[in-house]
Structures are given as structure tokens and as C-alpha cells.
Participant: 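One structure coming up, written as C-alpha cells, with questions to follow.
Because only heavy atoms are used, hydrogens play no part in the values below, and waters and symmetry mates are left out as well, while side chains stay in. Lettering of chains follows the sequences in order, A, B, ..., and the numbering in each one begins at 1.
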2 protein chains.
Amino acid sequence: MNRPATTHSPTFSPLYQQIRALITRSLESGEWKPGDIIPSESDLAERFGVSQGTVRKAIDELAAENLLVRRQGKGTFVSTHDDPRSFFRFLRLASNEGELLRLQSIPLECWRAKAGPDVARTLALEPGAPINIVRRLMRFGDEPAVYDEIYLPGELFPDLSLDILNSVAVSMYSLFESRYSVRIIRAEERLRAVSADRVSAELLQVAEGSPLLLVERVTYTYDNKPVEWRRGFYATKNFYYHNELG
Amino acid sequence: MNRPATTHSPTFSPLYQQIRALITRSLESGEWKPGDIIPSESDLAERFGVSQGTVRKAIDELAAENLLVRRQGKGTFVSTHDDPRSFFRFLRLASNEGELLRLQSIPLECWRAKAGPDVARTLALEPGAPINIVRRLMRFGDEPAVYDEIYLPGELFPDLSLDILNSVAVSMYSLFESRYSVRIIRAEERLRAVSADRVSAELLQVAEGSPLLLVERVTYTYDNKPVEWRRGFYATKNFYYHNELG
DNA sequence: CAGTGGTCTAGACCACCTC
DNA sequence: AGGTGGTCTAGACCACTGA
């Protein structure tokens with residue numbers, strides 16, 4: 001292990017950050033897959049030639065970013081979107097009464113297209129590159145709640161189809177990670193209020209022109225690479241978008 | 001310093017959590033005020049009779065929650081809402097073009113009232129308890145962006161008035177902390193899309209009935225005590241509400 | 001220069017889990 | 001009993017700041 005440059009170096013980076021980068025690389029390369037246990041802290045310390053405390057600090061940061069999950073007495077695991085706990089991290093929807101909600105994803109359409117200028121820019125693709133477009137409805141306890149239009153790079157999801165989407169019990173992101181080895185890390189959202197057009201009004205069973213919450217999301221994998229652009233129309237009569245400010 | 005109960009104790013709490021609680025108490029009691037520097041890690045270690053590393057871990061957590069701010073070479077400081085960096089933590093608004101925005105808060109009205117059932121429940125007050133109601137407009141670069149209706153416990157803000165609100169250069173929360181010793185720690189928001197009523201339409205210069213983003217916020221101080229209920233109507237034609245999912 | 005936070009180590013011990 | 005993460009310590013040294 002290279003020691004950090006030690007005196008007046010303009011590129012000083014602490015040891016634990018270097019370890020952190022090495023662990024991230026192993027995650028990225030698939031050496032450890034979602035759900036897997038990774039080597040113990042002392043094993044990693046030996047492997048990298050540093051003390052256990054230094055490895056610990058690197059893992060601390062990766063756990064804070066939800067890339068890893070620690071479980072005392074058991075070990076440290078690569079986090080996965082199969083875990084229902086990690087599911088509501090990316091769906092900040094709750095019902096007015098705070099009830100537990102039975103959630104249902106209903107894929108409507110899935111087809112192949114070429115990236116227009118907007119999609120190309122957002123997903124960092126060449127204009128005209130192949131993309132997948134998915135239309136989907138989400139119901140919460142038999143009530144339509146969200147209508148999504150989803151744009152995905154064709155290269156990353158070569159054989160995506162309605163059948164495959166229908167086979168998914170849990171979230172789309174767990175499909176991405178298990179079938180396509182695309183690990184969703186983080187997302188940025190832009191929220192606006194808009195008027196329902198004819199299509200979304202019909203799907204969400206509201207009057208045309210009634211207010212909808214538009215959630216535009218860009219989702220990223222490692223290295224801040226965008227892998228999804230999503231426009232979600234939320235019917236917020238009986239639901240709301242929940243956020244915490246700290 | 002009491003050592004943590006050590007064997008099979010159901011109430012086990014690590015030392016650094018106890019230290020953290022002690023530091024929090026000193027913040028709460030006003031021993032160290034917003035903007036103040038707190039004693040150095042080694043001073044605190046001596047004062048509490050623990051090692052410097054244990055104090056460090058306690059401060060780590062408080063810094064992660066934005067209660068404290070570390071500055072290498074200088075010391076550790078109590079965070080304050082005067083700091084413009086901490087300002088956009090509680091205003092997740094950005095413009096479509098991503099420009100820097102000149103921001104202006106225009107208080108419209110401020111009066112004293114009695115808590116109705118909704119306000120009383122939200123702010124954990126007795127129904128009929130005195131409250132302050134504030135109406136306010138926010139402009140971003142000469143364009144109206146947000147109309148706020150704000151409900152505050154009368155007991156905490158006894159002499160709040162339009163004059164006092166107008167004297168504030170920065171955020172209301174820095175007024176709360178400097179004049180009323182009420183420190184805003186965190187907030188929960190519920191977002192919905194609604195139709196503009198006559199009042200908000202006029203203030204925000206949009207057509208009556210056009211979609212607005214309604215942001216309902218409950219703000220908390222220490223011990224999860226609610227101190228503010230706010231309904232913000234956001235005109236999202238040229239702005240959006242920004243959120244990061246991690 | 002002295003003082004602060006930041007990094008790194010080595011070692012001891014504890015809490016939790018599984019076998 | 002043995003392995004894992006979690007806590008705590010004591011000490012050394014580094015990076016950054018301001019006088």
C-alpha cells in the first residue's frame with residue numbers, strides 16, 4: 001500500500017480514502033456482488049497492509065453511502081435493492097393516513113427507440129443511440145398513485161421487455177442489479193406541479209387539468225454515470241411525497 | 001464518567017453516546033451558543049475523563065447532524081443559520097437555468113391568534129394557546145416564487161412583529177436563534193400538487209387554478225420539539241424543488 | 001511557533017451471532 | 001468456542017491555521 005504523500009503535497013489523500021477507493025473498485029468490478037459478504041475487517045487490513053482501524057474508517061464511509069451494510073456479529077455485506085428496507089429510499093411516497101400500503105407495479109409498455117436530444121443529453125449518450133422506453137403505473141392499495149415514463153440506455157439493458165418487467169416482484173432496481181449488473185447508487189430529483197394531460201389523467205383516474213406532482217429523476221451508478229431518466233406523475237390527493245431536511 | 005454497563009445489560013449505551021448526550025446538553029442549555037467555538041477535543045476529553053478518540057467519535061456524529069462544524073486548524077464551532085451555506089439546507093429551490101439567484105423575503109403580515117385544532121396538534125400545543133401567524137412572499141430575482149403561511153407557538157416568540165421580521169437580512173431561522181434562542185435542527189416536509197386559490201394566484205402572479213407545489217413543513221428543535229408549521233406554495237414554472245436520494 | 005483538528009497504529013476488550 | 005463488528009485507549013505524527 002502506498003503511503004500518502006506526506007509533506008506539503010498538493011495531492012494529499014489519506015490512507016483510508018485510498019482503501020475506500022480500492023474497496024469501491026472491487027464492488028464495481030463485481031468481485032463482491034450485491035448480497036455477498038465481504039472479507040472481514042482484519043482480512044482486508046492484512047490484504048491492504050494497513051491497520052484494522054484504517055479499513056474500518058473506509059468501510060464507515062461506504063456504509064454511510066449505503067454501498068455496504070454492517071451487521072454486528074455477522075459481517076459486512078454489499079447492499080442490495082432486494083432488501084425491502086432499501087426500497088423506500090427511492091420512493092418517498094406515503095399515504096395521508098400513514099397506513100401500511102400494499103404496493104403494486106404495473107408495466108404498461110416497453111419499446112425500443114432512438115435517443116432524442118433531451119434524452120441523449122440527460123443520459124450522456126450520442127443522439128440517436130438506442131434506448132428503452134417504459135411506461136408504468138403504480139398502485140397503492142388498489143388506488144392509482146404514480147404514472148412513470150422511464151428512459152434507459154439500450155446498451156445497458158439489451159433485452160428489456162414487458163415480460164421481463166412483469167416477472168419482477170420487487171423494484172425495478174433489483175432487476176437492474178440482478179439481470180443487468182447495473183447498480184443504482186443515487187439519484188437527483190426535480191419536483192414541479194403540473195396539470196394532468198389526457199393520458200396521465202386517464203391512467204391516474206383524475207380530471208384532465210387537475211394538479212399533479214411531476215418528479216423528474218436522473219439515476220446514477222458508479223462514477224456518476226447516469227443510467228436512468230424518469231418522469232413520474234404523482235396523484236397527491238391521498239398520498240404525499242415525504243422528505244426530511246437535516 | 002460512568003462506564004457503560006458491561007455485561008448483558010439491556011440498557012447498554014457506548015461511552016461516546018453518553019459524551020454526545022453531554023455535549024448536546026451543553027448546546028441546549030446555551031453554554032455554547034451558535035457561532036461559538038467549543039473546547040478542543042483534548043480539553044473535552046480531560047473534562048469528561050475519557051480519551052480524545054472517544055470525544056472525537058461523539059463530535060463526529062454531531063457534525064454529521066450539522067449541530068457542530070469542524071474546521072481543521074481552528075477548532076469546532078456551533079453551527080448557525082447565519083451561515084449562508086446552511087441556508088439552502090432548508091430551501092431546496094433552484095432555478096431552471098441553474099443561475100445564482102438573488103433572494104428576497106417579503107413579510108406581508110404578522111398577527112397573534114389562538115391555535116385551532118390542526119395547529120395545536122401539529123405544534124403539540126393546547127387548543128386555544130397563543131400562536132403567531134406570518135404571511136410572507138419570497139422572490140427570486142424579481143420573480144415571485146414562494147408564498148408562505150407560517151404558524152409559530154406564541155410562547156416561544158412573544159414579541160414577533162412585522163417590523164422585527166423586516167429587520168432580518170438573512171433567513172427567519174437565524175432570527176429565531178439570535179433573538180429567541182430557538183435553534184432549528186431538522187424538518188419534515190410533505191409535498192403535494194394543488195390548484196392555486198385566489199390569494200396565492202394573485203401573490204405569485206399566476207392564473208387562478210394553475211398548479212402549485214404545496215410544501216407542508218414541520219420544523220423541530222432539540223428533543224424533537226415542534227416549533228414551526230409552514231405551508232409553502234411554490235410557483236414551479238421557472239423553479240423546481242431539488243432533492244437528492246442516496 | 002503553538003494549538004487545533006485529522007490520520008494511523010497496536011492492542012485490549014466487549015457485544016453479537018453462529019456453530 | 002470462535003469469528004464478526006463495535007468500543008476504547010494511548011501515543012505518534014501530519015495538515016492546517018493564525019499569531
Participant: Scan residues 152-176 of chain B for pairs that pass salt bridge (charged side-chain N to carboxylate O under 4.0 Å, His left out), counting only residues two or more places apart or in two chains.
Facilitator: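 Checked against salt bridge (charged side-chain N to carboxylate O under 4.0 Å, His left out) - neighbours excluded - the pairs reaching residues 152-176 of chain B are B:Asp159-B:Arg179.
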Participant: Hey, which sits more toward the 5' end of DNA chain D by its nearest nucleotide, B:Gln72 or A:Pro39?
Facilitator: A:Pro39
Participant: Side chain of B:Pro14 only, please: which of C:dT7, D:dG5, D:dT7 is the nearest?
Facilitator: D:dT7
Participant: Give the rounded distance in Å between these two atoms: CZ of B:Phe77 and P of C:dT4.
Facilitator: 11 Å
Participant: Closest to the B:Val50 side chain: C:dT9, C:dG5, D:dT9?
Facilitator: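 In terms of side-chain proximity for B:Val50, the closest of C:dT9, C:dG5, D:dT9 is D:dT9.
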Participant: Choosing from D:dA15, C:dT9, D:dT9, which nucleotide comes nearest the side chain of B:Ser51?
Facilitator: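 Within the option list, the nearest is D:dT9.
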Participant: Starting from C1' on D:dA15, measure out to CG on A:Leu15 and report it in whole angstrom.
Facilitator: 15 Å
Participant: Specify the residues of residues 55-70 of chain B, ordered by number, for which at least one heavy atom lies under 4.0 angstrom from an atom of DNA chain C.
Facilitator: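 Heavy-atom contacts with DNA chain C come from B:Arg56, B:Arg70.
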Participant: With sequence neighbours left out, what residues match A:Phe87 under ring pair (Phe, Tyr, Trp, His ring centres under 6.0 Å)?
Facilitator: none
Participant: Measure the distance from CD on B:Gln52 to P on D:dA12 and round it to the nearest whole Å.
Facilitator: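 That distance rounds to 14 Å.
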Participant: Using the test ring pair (Phe, Tyr, Trp, His ring centres under 6.0 Å), find all partners of B:Trp32 that sit at least two apart in sequence or belong to another chain.
Facilitator: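 Scan of B:Trp32 (ring pair (Phe, Tyr, Trp, His ring centres under 6.0 Å), adjacent residues dropped) gives none.
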Participant: Within this structure, what is the CD1-to-C1' distance between A:Ile37 and C:dC16, rounded to whole angstrom?
Facilitator: 14 Å
Participant: Examine C:dG3: is either OP1 or OP2 under 4.0 Å from a nitrogen or oxygen in the side chain of B:Lys74? Give yes or no.
Facilitator: no
Participant: When the ring centroid of A:Phe239 is compared with that of A:Tyr234, is the distance short of 6.0 Å?
Facilitator: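 Between A:Phe239 and A:Tyr234, the centre distance exceeds or equals 6.0 Å.
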Participant: Calculate the interatomic distance between B:Arg20 atom CZ and D:dT7 atom P; express it in whole Å.
Facilitator: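 Atom CZ in B:Arg20 sits about 12 Å away from atom P in D:dT7.
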Participant: A:Thr236 pairs by side chain to side chain contact (heavy atoms under 4.5 Å, CB included) with which of A:Val146, A:Leu213, A:Leu93, A:Asn96?
Facilitator: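 Going through the options one by one, the only one that passes is A:Leu213.
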Participant: Scan residues 35-50 of chain B for pairs that pass salt bridge (charged side-chain N to carboxylate O under 4.0 Å, His left out), counting only residues two or more places apart or in two chains.
Facilitator: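 Salt bridge (charged side-chain N to carboxylate O under 4.0 Å, His left out) check on residues 35-50 of chain B returns B:Glu31-B:Arg47, B:Glu41-B:Arg56, B:Glu41-B:Arg70.
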Participant: Whole-Å distance between C:dC8 P and A:Phe48 CZ?
Facilitator: 14 Å
Participant: Any side-chain N or O of A:Ser40 less than 4.0 Å from the OP1 or OP2 oxygen of D:dT4?
Facilitator: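 Yes, within the criterion.
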Participant: Atom CG of A:Leu44 and atom P of D:dT4: how far apart are they, to the nearest Å?
Facilitator: 11 Å
Participant: Can you run down the ring pair (Phe, Tyr, Trp, His ring centres under 6.0 Å) pairs that involve residues 56-86 of chain A, sequence neighbours left out, and say none if there aren't any?
Facilitator: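 Applying ring pair (Phe, Tyr, Trp, His ring centres under 6.0 Å) to every pair that reaches into residues 56-86 of chain A, excluding sequence neighbours, yields A:His81-A:Phe90, A:His81-A:Tyr173.
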Participant: C:dT9 phosphate, OP1 or OP2: any side-chain N/O from A:Thr54 under 4.0 angstrom?
Facilitator: yes
Participant: Please report the distance, rounded to the nearest Å, between CD in A:Glu41 and P in C:dT9.
Facilitator: 14 Å
